[in-house]
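What follows is a single structure, written as structure tokens, with notes after it.
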Amino acid sequence: MAQFIEELKKSHGAGELRLSHKGEQVVLMGWVDTVRDLGGTLFIDLRDRSGICQVVLGSEQLNDLQLEVARSLRQEYVVAIMGDVIARGGKPNTNLKTGEIEVLAKDVALLNRSQPMPFQIADNVDTGEEVRLKYRFLDLRRAPLQKALLMRSKAALIAREHFASENFIEVETPILTKSTPEGARDYLVPSRINKGKFFALPQSPQLFKQLLQVAGFERYFQICKCFRDEDLRADRQPEFTQIDLEMSFVTPDDIMAVCDGMLQKMFKHILNVDIETPIPRITYDEAMARYGVDNPDVRFGMELFDITEDTRDSAFKVFSGPATGGGLVTGIVVAGGASFSRKDVDALTEFVKTYGAKGLAWLKRNDGAFSGPVSKFVDVALEKALLEKAAMKDGDIALIVADMDASVARTAAGRLRTHVAKSQGMVNPGQFGFTWVTDFPMFEKDEETGKLAAMHHPFTSPRPEDVSMLSTDPLKVKTRAYDIVLNGQEIGGGSIRIHNQDVQAEVFKALGIGDEEARNKFGFLLDALSFGAPPHGGLAFGFDRLVSIMSGLDSIRDVIAFPKTTRAGCLMTDAPSEVDDKQLTELGIKRLD
RNA sequence: GGGGUGGUAGUUAAGUUGGUUAUAACGUCGGCCUGUCACGCCGAAGGCCGCGGGUUCGAGUCCCGUCCACCCCGCCA
């Protein structure tokens with residue numbers, strides 16, 4: 001028997017073989033996908049990264065020893081096959097790319113056995129995530145996950161090529177860095193040498209990339225891990241990957257143009273989808289007014305209407321109260337929605353309640369008349385507003401949210417819009433809808449403390465024309481910040497940064513951060529800004545989200561090789577885990593309990 | 001921190017009003033089979049009904065608590 005691996009090298013990927021290889025002797029190595037033992041002849045589907053190929057193991061080509069090996073094969077055993085590519089003896093299998101050929105084995109070797117699988121290695125597996133995550137190395141054998149990670153690899157390569165061609169330099173920044181109380185909760189790492197002190201894992205390389213601009217690199221990028229100790233979602237992991245970039249001497253337009261270029265290349269080369277550039281832009285205010293959210297899904301219309309002014313004198317207090325009290329009356333018109341059942345509407349009501357809305361008012365329009373419990377309150381002004389402003393037609397339903405808190409009403413209506421669109425099949429899943437959202441507010445009010453908080457981060461540059469309002473009317477200040485949104489998900493965001501110490505000081509003041517506190521937390525940045533910092537700005541893409549949308553997967557877990565659960569743990573390694581007291585002592589740490 | 005869905009064989013599920021022996025399919029194991037391709041046929045094994053407590057003559061089923069997975073709100077850019 002020939003020595004596989006040492007002498008007989010793997011010659012082809014199983015999935016690469018075609019009729020054009022007919023007559024060639026090949027060596028395949030991979031996993032047994034399925035075995036079909038017919039007694040005299042035995043077929044196996046041999047699988048490797050490239051795909052699947054049928055191998056025929058028969059008594060005419062193999063000796064008794066080899067046949068014994070063949071008969072012992074089970075699913076997921078690792079095998080090596082040497083044989084000839086021949087045209088299929090039976091009918092071609094149209095389900096396989098290699099379906100016109102098969103490999104007639106002349107030698108077979110068992111490279112390794114496998115325990116029975118906890119679940120089947122198939123494209124569509126109905127096994128729950130709990131089991132799949134525990135055996136992630138098996139889940140990753142499945143073609144959909146292999147494809148997703150391949151796409152991710154290609155996307156990263158295109159990003160690197162793009163930024164390199166645009167004269168960017170890739171620079172690594174520290175993973176062990178300084179905790180800053182701004183933004184998300186930090187993951188902390190105790191310092192053994194400096195007992196009682198801690199590093200933080202970076203939430204993003206934000207400050208370092210700015211320092212690289214001060215250092216004169218002018219164009220920096222990096223594909224880097226970031227860490228945030230917050231509660232998780234389908235699109236949020238405790239550690240995730242950003243494509244991070246920063247540029248000197250630029251306007252927002254310059255940065256957006258570079259990013260447009262990267263997205264254009266990725267979508268063209270990976271999906272063969274043409275993105276028209278420049279990608280359209282709308283302001284934050286416009287996004288909020290038209291879509292109710294700052295991450296609008298622009299693949300469909302059904303924009304929000306605002307009937308606040310038209311319901312001021314309404315006899316319906318649910319409307320007139322918010323309308324006259326500084327609140328908002330808004331909603332959507334669903335074309336054909338008059339066919340919604342009571343149950344449908346009840347479900348939508350429950351949906352908006354999760355966003356803090358008190359309820360959902362609805363009006364159906366049929367045969368030129370309104371119906372529904374609120375219809376008795378439809379006066380001339382409201383009728384005019386719904387028919388003209390909201391363009392409601394026969395067969396439609398208007399879903400209306402009114403609230404004293406305008407942002408509650410807007411958010412509820414905005415989320416309702418995408419919820420209804422998805423459930424009504426108004427969204428084409430193969431379509432990609434990009435938009436930039438620009439001119440974000442500088443501050444938002446923290447509901448708990450009543451203090452101002454930075455919406456993006458405190459180094460975001462206000463629009464030059466708004467700087468004077470920093471002290472007088474900070475909530476009105478808009479910034480040179482921008483998010484890139486794809487299919488209703490934020491896939492990136494950035495800003496022009498403050499490069500002027502005086503402006504930075506004013507922002508800290510508005511945030512209630514004193515001189516001493518600022519120096520303590522960001523001293524090195526303030527220092528740097530005082531040594532000839534160039535005007536600069538940048539952006540970071542959420543790489544996992546971008547790849548998950550490109551691959552049509554709902555969860556970023558599907559595009560991360562070894563993701564964590566919603567409890568921020570790893571079911572495969574059982575991390576996080578307890579450590580020895582000895583380790584803690586060495587770090588100067590004591591358990592509380 | 002809050003709300004929701006789920007947890008029964010290796011996997012996916014069924015399990016009636018609480019009723020005595022907890023089903024099925026796939027997988028696994030054994031046997032047969034030379035053109036299958038989710039091969040087929042015959043047979044077998046396989047259970048802490050997530051865990052703990054309670055109600056009851058009796059709990060997979062009802063109640064309380066708890067753990068885990070997923071989805072959402074808050075949080076997070």
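Given the structure is predicted, the values throughout are model-derived calculations rather than measurements.
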- Using a 4.0 Å cut-off on protein heavy atoms (strictly under), produce a 5'-to-3' string for nucleotides 5-14 of chain B with B for base contact, S for backbone-only sugar-phosphate contact, and - for none. -----SSS--
- Item | Contact pattern, 5' to 3', of nucleotides 34-39 of chain B - B, S or - by protein heavy atom under 4.0 Å | BBBB-B
- Query: Taking the side chain from A/Q203 and the backbone from A/A184, do they hold a donor-acceptor pair closer than 3.5 Å?
  - Reply: yes
- For the pair A/S50 (side chain) and A/G15 (backbone), establish whether a donor and an acceptor sit closer than 3.5 Å, ignoring hydrogens and angles. yes
Considering only atom [atom1], compute the distance from [N] to [M] and round it to an integer number of Å.
N	M	atom1	result
B/G18	B/G60	P	13 Å
B/C49	B/A22	P	12 Å
B/U12	B/G52	C1'	28 Å
B/U28	B/C73	P	42 Å
B/C75	B/C68	P	24 Å
B/G6	B/A14	P	10 Å
B/A59	B/C32	P	47 Å
B/U55	B/A9	P	28 Å

- Can you establish whether the number of heavy atoms outside A/D446 located under 6.0 Å from its atom CG is more than 12? yes
- How about A/E444: does its CD atom have over 12 heavy atoms from other parts shown lying under 6.0 Å from it? yes
- Message: Suppose we screen for side chain to side chain contact (heavy atoms under 4.5 Å, CB included). Which residues come up paired with A/K521, at least two apart in sequence or across chains?
- Response: A/P181, A/E517
- Task: Sequence neighbours left out, what passes side chain to side chain contact (heavy atoms under 4.5 Å, CB included) with A/D285? Give chain and number order.
- Result: A/T283, A/K478
- Proximity of A/F240 and A/F227 rings by center, below 6.0 Å: no
- Taking the six-membered ring where the residue is Trp, are the ring centres of A/F562 and A/F137 under 6.0 Å apart? no
- Message: Once you apply a heavy-atom cut-off of 4.0 Å, does A/D123 come out as touching a base, just sugar-phosphate, or nothing?
- Response: nothing
- Query: What nucleic acid atoms does A/G99 come within less than 4.0 Å of, heavy atoms only: base, sugar-phosphate, or nothing?
  - Reply: nothing
- Query: Got a sec, which residues hit ring pair (Phe, Tyr, Trp, His ring centres under 6.0 Å) with A/H12, two or more places apart in sequence or on another chain?
  - Reply: A/H21
- Item | Contacts of A/Y187 that satisfy ring pair (Phe, Tyr, Trp, His ring centres under 6.0 Å) - sequence neighbours left out | none
- Enter the distance from A/T460:OG1 to A/Y482:OH here, rounded to the nearest 0.5 Å. 9.0 Å
Rounding to a whole Å, what distance do you find between [X]:[atom1] and [N]:[atom2]?
X	N	atom1	atom2	answer
A/Y135	B/A69	OH	P	16 Å
A/W436	B/A77	CH2	C1'	14 Å
A/R71	B/G30	CZ	P	14 Å
A/Y355	B/G3	OH	C1'	13 Å
A/D186	B/C75	CG	P	18 Å
A/D554	B/C72	CG	C1'	14 Å
A/M572	B/A69	CE	C1'	17 Å
A/D229	B/G1	CG	C1'	14 Å

Would you say a side-chain N or O of [X] is under 4.0 Å from OP1 or OP2 of [N]?
X	N	value
A/T566	B/C70	yes
A/R567	B/C68	yes
A/R236	B/C73	no

Does [N] have a Watson-Crick or wobble partner in any strand here, with both distances under 3.5 angstrom, and which is it?
N	value
B/A44	B/U28
B/G19	B/C57
B/G6	B/C68

- Item | Qualifying residues under salt bridge (Lys or Arg N to Asp or Glu O under 4.0 Å), relative to A/R113, sequence neighbours excluded | none
- Note on the structure: Numerically ordered, the residues 238-246 of chain A set in heavy-atom contact under 4.0 Å with RNA chain B is none
- Output the residues of residues 202-212 of chain A in contact with RNA chain B, where contact means a heavy atom of the residue under 4.0 Å from an atom of the strand; sort by number or write none. A/Q203
- Mind checking what makes side-chain hydrogen bond (donor to acceptor under 3.5 Å, both in side chains) contact with A/R132, not counting sequence neighbours? A/D139
- Note on the structure: For A/R497, the side-chain hydrogen bond (donor to acceptor under 3.5 Å, both in side chains) test, sequence neighbours excluded, returns A/E246, A/H457, A/S495
- Of B/G1, B/A77, B/C71, the nucleotide closest to the side chain of A/D483 is B/A77
- Task: With the side chain of A/R557 defined as its heavy atoms from C-beta on, choose the nearest nucleotide among B/A77, B/G1, B/C71.
- Result: B/C71
- Task: Mark yes or no for a side-chain to base donor-acceptor pair under 3.5 Å between A/R233 and B/G74, with no hydrogen or angle criteria applied.
- Result: yes
- Would you mind telling me which of A/T479, A/D439, A/T438 makes a side-chain hydrogen bond (donor to acceptor under 3.5 Å, both in side chains) with A/R463? A/D439
- Query: Any side-chain donor-acceptor pair under 3.5 Å between A/R142 and A/Q120?
  - Reply: no
- Starting from the 5' end of RNA chain B, give me the residue, A/R74 or A/G183, whose nearest nucleotide shows up first. A/R74
- Query: Quick one: on RNA chain B, does A/G569 or A/T411 contact a more 5' nucleotide (nearest heavy atom)?
  - Reply: A/G569
For residues 565-578 of chain A, which side-chain N or O atoms pair as donor and acceptor with protein atoms under 3.5 Å away, sequence neighbours left out?
unit_1: A/T565; atom_1: OG1; unit_2: A/R567; atom_2: N; d: 3.2
unit_1: A/T565; atom_1: OG1; unit_2: A/G569; atom_2: N; d: 3.4
unit_1: A/T573; atom_1: OG1; unit_2: A/A575; atom_2: N; d: 3.2

